[in-house]
Amino acid sequence: MQAALAVSQATYWHLKQVNLFHSLADWEVRQLGNIADLRLFKSGEEIYRTDDIADRIYILRSGKVKLFKSVGGDKEVIMGFQGPGDVFGEVAVTGEPARQECATVVEDAFVCMIDRDRLLGYLTQHPDLALQITRIIAKRRLDLEDRLIDLLSKDVGQRLAQALLRLADDYGDDDERGTRIGLRLTQTDLGQLVGSTRETTSMAFNRFRRAGYVEARGRVIWILDREGLAAI
């Protein structure tokens, strides 16, 4: 009994920290907590795979999650990263039967998971929240369309510059050097993010480094010159 109460309190606390639910009253968040499960995923764990049943929506409280698709069996294309407060797996509420991408934890993550049918029932009582989730879905699709246009119209250097600027906006922290991207990224990750090979992406990144636009130490990247990157 005490263990169940502790889990319920923890779920409520985590949901209260998510911007998406700031408009809800405490009792409404507690209602949502009653239909949510909270789980800690360790780095490297899969949350779901392509073709898994799309029966849950996920809300990230802490940590980082990578969304990606497998292409040609042994290649990956990164669709994006999710950080604290982000919602993913949202196609569950649109009636999509199966997952179209994989979700893997890249930094230990507390995740709230809500069953699709129970969430849909909750949303009928909270149309404002349903509208916000609809906007998230629309924005995600627009972002994917923009990336497709980039793939067709821009070279690797331009795509990489734009990707680094987006990462800086979403996960950046300013320090004395510039903007530190709060993700540990390999050259392979960057290649998968811009739809290119590791070698080609590495050459573009090294050009940026020689120009003084970026700096890297291990897997940590700093943006030193945003204007320079934006002009590429």
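Everything quoted here is computed from the prediction, not taken from an experiment.
T179 pairs with exactly one of D173, D174, D169 by the side-chain hydrogen bond (donor to acceptor under 3.5 Å, both in side chains) rule, that one being D174. Of the candidates V214, I181, D175, W222 forms a side chain to side chain contact (heavy atoms under 4.5 Å, CB included) with just one, namely D175.
Under the 4.5 Å side-chain contact rule for hydrophobic residues, I137 and Y122 share a cluster. In terms of hydrophobic clustering, with Ile, Leu, Val, Met, Phe, Trp and Tyr side chains grouped at heavy-atom distances under 4.5 Å, V93 and V87 are assigned to a common cluster. M79 and V106 fall into different hydrophobic clusters, where Ile, Leu, Val, Met, Phe, Trp and Tyr residues are linked whenever their side-chain heavy atoms come under 4.5 Å apart, directly or through other members. Cluster annotation: F81 is not connected to V105 through the hydrophobic network of ILVMFWY side chains, with a link wherever side-chain heavy atoms come within less than 4.5 Å. Under the 4.5 Å side-chain heavy-atom criterion for grouping Ile, Leu, Val, Met, Phe, Trp and Tyr, M203 is not connected to L190 through any hydrophobic cluster.
In this structure, the side chains of F41 and E46 stay at 4.5 Å or more apart for every pair of heavy atoms. The shortest side-chain heavy-atom distance between H126 and Q31 falls under the 4.5 Å cut-off. In this structure, the side chains of L67 and I78 stay at 4.5 Å or more apart for every pair of heavy atoms. Here the side chains of C102 and K69 are not in contact, with every heavy-atom distance at 4.5 Å or above. Using a 4.5 Å cut-off on side-chain heavy atoms (C-beta onward), Q158 and L160 make no contact. Contact check for L167 versus L185: side-chain heavy atoms found under the 4.5 Å cut-off. Between V77 and F68, the closest side-chain pair of non-hydrogen atoms is not below 4.5 Å. The shortest side-chain heavy-atom distance between V65 and T104 does not fall under the 4.5 Å cut-off.
For E215 against R217, the heavy-atom pair with the smallest separation is OE2-NE, 3.3 Å. Closest non-hydrogen pair, S62 versus P84, comes out as CA-CG, 4.0 Å. The heavy-atom pair separating A54 from E96 by the smallest distance is CB-O, 3.4 Å. When all heavy atoms of L60 and Q82 are compared, the closest pair comes out as CD2-O, 3.2 Å. Residues D189 and R184 come closest through the heavy atom pair OD2-O, 4.0 Å. Scanning both residues, A168 and R226, for their nearest heavy atoms gives CB-NH2, 3.5 Å.
Between K42 and D108 there is a salt bridge, since a side-chain N of the basic residue sits under 4.0 Å from a carboxylate O of the acidic one. Using a cut-off of 4.0 Å between Lys/Arg side-chain N and Asp/Glu carboxylate O, K139 and D143 are scored as salt-bridged.
Heavy-atom neighbours of R209 CZ from other residues, nucleotides or ligands within 6.0 Å: above the threshold of 12. Heavy-atom contacts from other residues, nucleotides or ligands closer than 6.0 Å to CD of E227 number 12 or fewer. Residue L131 qualifies as enclosed at atom CG: its count of foreign heavy atoms under 6.0 Å is above 12.
Cation-pi geometry between R99 and Y48 is met: under 6.0 angstrom from the ring centre, within 45 degrees of the axis.
Interatomic distance, I136 CD1 to R141 CZ, rounded to the nearest 0.5 Å: 13.5 Å. Distance CG/L38 to CZ/R61: 10.0 Å, rounded to 0.5 Å. A distance of 11.5 Å separates CZ of R198 from CD of Q192, quoted to the nearest 0.5 Å. Annotation: the span from I232 atom CD1 to Q162 atom CD amounts to 9.0 Å, rounded to 0.5 Å. Distance check: M113 CE to D55 CG gives 10.5 Å after rounding to the nearest 0.5 Å. Distance check, rounded to the nearest 0.5 Å: CD1 of I114 to CG of L123 gives 8.5 Å.
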Side chain to side chain contact (heavy atoms under 4.5 Å, CB included) evaluation trace for L40 with V111: CA-CA 6 Å; L40 172 64; V111 182; over 6 Å; no
Would you check, one step at a time, whether the test side chain to side chain contact (heavy atoms under 4.5 Å, CB included) holds for S43 with E107? CA-CA 5 Å; S43 180; E107 181 183 300; 5.7 Å; no
What verdict does the salt bridge (charged side-chain N to carboxylate O under 4.0 Å, His left out) test give for E45 and R39, after you've listed the backbone C-alpha separation in whole Å, the side-chain angles of each residue and the deciding distance to 0.1 Å? CA-CA 12 Å; E45 281 193 78; R39 177 178 166 184; 3.0 Å; yes
I would like to know whether L164 and Y213 meet side chain to side chain contact (heavy atoms under 4.5 Å, CB included); could you show each step before the answer? CA-CA 10 Å; L164 290 170; Y213 300 152; over 6 Å; no
Given side chain to side chain contact (heavy atoms under 4.5 Å, CB included), test Y171 with R180 step by step and report yes or no. CA-CA 8 Å; Y171 305 107; R180 179 183 182 274; over 6 Å; no
Check the pair E101, K66 against salt bridge (charged side-chain N to carboxylate O under 4.0 Å, His left out), reporting the backbone distance first and the verdict last. CA-CA 10 Å; E101 77 285 333; K66 177 176 71 172; over 6 Å; no
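Formation of a donor-acceptor pair under 3.5 Å by the T200 side chain with backbone atoms of S196 is not found in this model. The backbone N or O of K154 lies less than 3.5 Å from a partner atom in the side chain of R159, making a donor-acceptor pair.
Taking the six-membered ring for Trp and thresholds of 30 and 60 degrees, Y58 and F88 have nearly parallel ring planes, at less than 30 degrees apart.
The ring-ring contact (aromatic ring centres under 6.0 Å, His included) search around F205 returns none, not counting sequence neighbours.
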